[in-house]
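Naming convention: chains lettered A, B, ... in sequence-line order (proteins, then strands); numbering from 1 in each chain.
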2 protein chains.
Amino acid sequence: MESTAPKTPDLTSAERPRTTAHGDRTRRQILRRAVDIASAQGLEGLTIGSLAKELGMSKSGLFAHFGSKEELQLAVVDEAAVIFAENVVEPAFEAPEGVARLYALMDHWVGYVDESVFPGGCFWSKVESEFSARSGVVRDKIVELTSEYIKAMQADVENAKRRGELRDDADAAQLTFEFGAYVQGCNLASQLHGDRAAFGRARLGIRRRIEDAATDKGKKALAAYIKG
Amino acid sequence: MESTAPKTPDLTSAERPRTTAHGDRTRRQILRRAVDIASAQGLEGLTIGSLAKELGMSKSGLFAHFGSKEELQLAVVDEAAVIFAENVVEPAFEAPEGVARLYALMDHWVGYVDESVFPGGCFWSKVESEFSARSGVVRDKIVELTSEYIKAMQADVENAKRRGELRDDADAAQLTFEFGAYVQGCNLASQLHGDRAAFGRARLGIRRRIEDAATDKGKKALAAYIKG
DNA sequence: CCTACCGATCGGTAGG
DNA sequence: CCTACCGATCGGTAGG
């Protein structure tokens with residue numbers, strides 16, 4: 001039975017009416033706090049009751065903003081993507097194209113882990129591990145967004161090749177894999193072993209892999225960017 | 001009030017009476033299944049009720065083997081350490097000392113992730129991430145064991161240096177960091193993105209880092225081991 | 001090893 | 001946004 005004028009509006013969809021400035025501000029405050037908690041406790045450890053208590057509101061009051069725990073988790077992942085864009089992707093675009101921008105992207109990325117934008121370390125490392133053996137829309141969104149970040153790395157590597165700053169025989173997929181691994185590695189070493197030296201090791205590894213694959217033009221461009 | 005003859009024996013300690021062969025076998029069966037589940041769902045996602053149901057026993061019957069969820073988690077971590085020793089640490093000792101043994105250790109390590117000894121990928125990656133922002137004896141045990149694995153890597157690097165197979169200026173801590181990062185990287189790429197090519201990339205990265213740091217003697221020893 | 005419980009907490013709902 | 005609930009599940013206990 002289909003109805004052309006449904007009595008019950010779909011409160012779980014993104015089109016749910018939410019036009020007041022106050023409602024938007026409250027929702028944003030909830031999500032900022034939720035991303036912090038999820039970076040430490042995971043998206044399942046983030047419970048509606050404990051989040052509500054920390055924000056000084058009732059459980060059902062908070063719940064009404066999202067409609068389900070899954071919708072809350074999706075909103076938290078979206079919010080984390082905004083924070084990542086602001087702290088890593090966008091700042092890297094200020095560097096000149098080529099190896100400089102590639103290095104800038106990875107340098108900001110390590111910095112975002114290092115400076116602990118989130119109390120629990122890298123939000124993405126946490127939720128990737130948490131959802132790696134699950135299925136559903138939350139996992140799908142995590143996979144989609146982190147795939148974009150990997151593609152952004154690889155695009156910068158391939159752009160540097162096209163500009164003649166990395167050698168033609170440089171293996172873009174291999175470099176991308178190694179860069180991602182270094183970021184993961186320093187996040188875990190820091191969070192689990194308190195090893196702050198790992199950030200320097202990640203940066204050094206990234207720099208050496210770029211230098212090893214760079215042409216003379218690329219080496220000069222990278223040195224000029226790092227010095228400047 | 002101290003008693004020299006306490007009426008209630010400490011059932012949570014390791015000294016709890018457990019002498020029957022049957023009890024030991026049951027306990028081992030429970031733990032093997034539990035490690036599998038924890039590699040996918042984590043040590044919190046491993047609930048006593050669901051584990052009991054899967055093993056066809058009552059919740060309290062299973063519970064009696066451990067005394068608390070925390071003791072179960074500790075036993076699961078110990079069991080995972082036995083499996084890691086059998087699959088990675090011990091097989092590597094069959095390779096000759098030096099860069100060959102270093103490569104063998106890392107090759108078996110990647111193989112243990114690749115061949116999915118556990119259904120959820122690397123048990124250690126899962127629980128390291130899960131407990132990175134927690135405190136307590138379970139986290140402490142995870143940190144202790146994974147630190148041992150890192151030390152085993154670094155000991156092999158330093159041994160290869162002493163034998164003149166890696167150059168004197170090779171940075172042992174840097175190499176160790178990069179090897180660990182590659183293992184983490186291929187586990188996540190495989191589990192989250194289904195990227196089985198990542199195992200080859202991890203192995204290639206490990207081999208190139210060793211070759212880049214190797215002396216002529218070391219290059220020959222590595223080539224002989226990989227060919228043989 | 002079992003059945004039969006316990007209090008606490010989970011996500012979610014009713015009704016305002 | 002609230003109070004007051006719900007059934008399900010959690011770790012854990014009593015008593016055998």
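Where B:Gly61 and A:Phe63 meet DNA chain C, the nucleotide closest to each residue was compared, and B:Gly61 sits on the side nearer the 5' end. Between B:Gly56 and A:Leu46, it is B:Gly56 whose nearest contact on DNA chain C lies nearer the 5' terminus. Where A:Met57 and B:Ser60 meet DNA chain D, the nucleotide closest to each residue was compared, and A:Met57 sits on the side nearer the 5' end.
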Taking Watson-Crick and G-U wobble contacts under 3.5 angstrom, with | marking pairs to another strand and [ ] crossing pairs, the secondary structure of DNA chain C is written ||||||||||||||||
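Salt bridge B:Lys141/B:Asp78: present, at least one basic N to carboxylate O contact under 4.0 Å. Using a cut-off of 4.0 Å between Lys/Arg side-chain N and Asp/Glu carboxylate O, B:Glu178 and A:Arg201 are scored as not salt-bridged.
Counting heavy atoms from C-beta on, the side chains of A:Gln41 and A:Glu130 never come closer than 4.5 Å. Looking only at side-chain heavy atoms (C-beta outward), A:Glu94 and A:His108 stay at 4.5 Å or farther from each other. Between A:Trp124 and A:Phe118 the shortest side-chain heavy-atom distance does not fall below 4.5 Å.
Looking at heavy-atom distances under 4.0 Å, A:Thr47 makes contact with sugar-phosphate atoms alone, never a base.
Using a 4.0 Å cutoff to heavy atoms of chain A, the contacted part of DNA chain C runs 5' to 3' from C:dC10 to C:dT13.
Crowding of B:Arg208 atom CZ: a count of heavy atoms from other residues, nucleotides or ligands under 6.0 Å not exceeding 12.
The aromatic rings of A:Phe84 and A:Tyr149 sit tilted relative to each other, their planes meeting at an angle between 30° and 60°.
Taking the six-membered ring for Trp and the full ring otherwise, B:Phe199 and B:Tyr182 have centroids separated by 6.0 Å or more.
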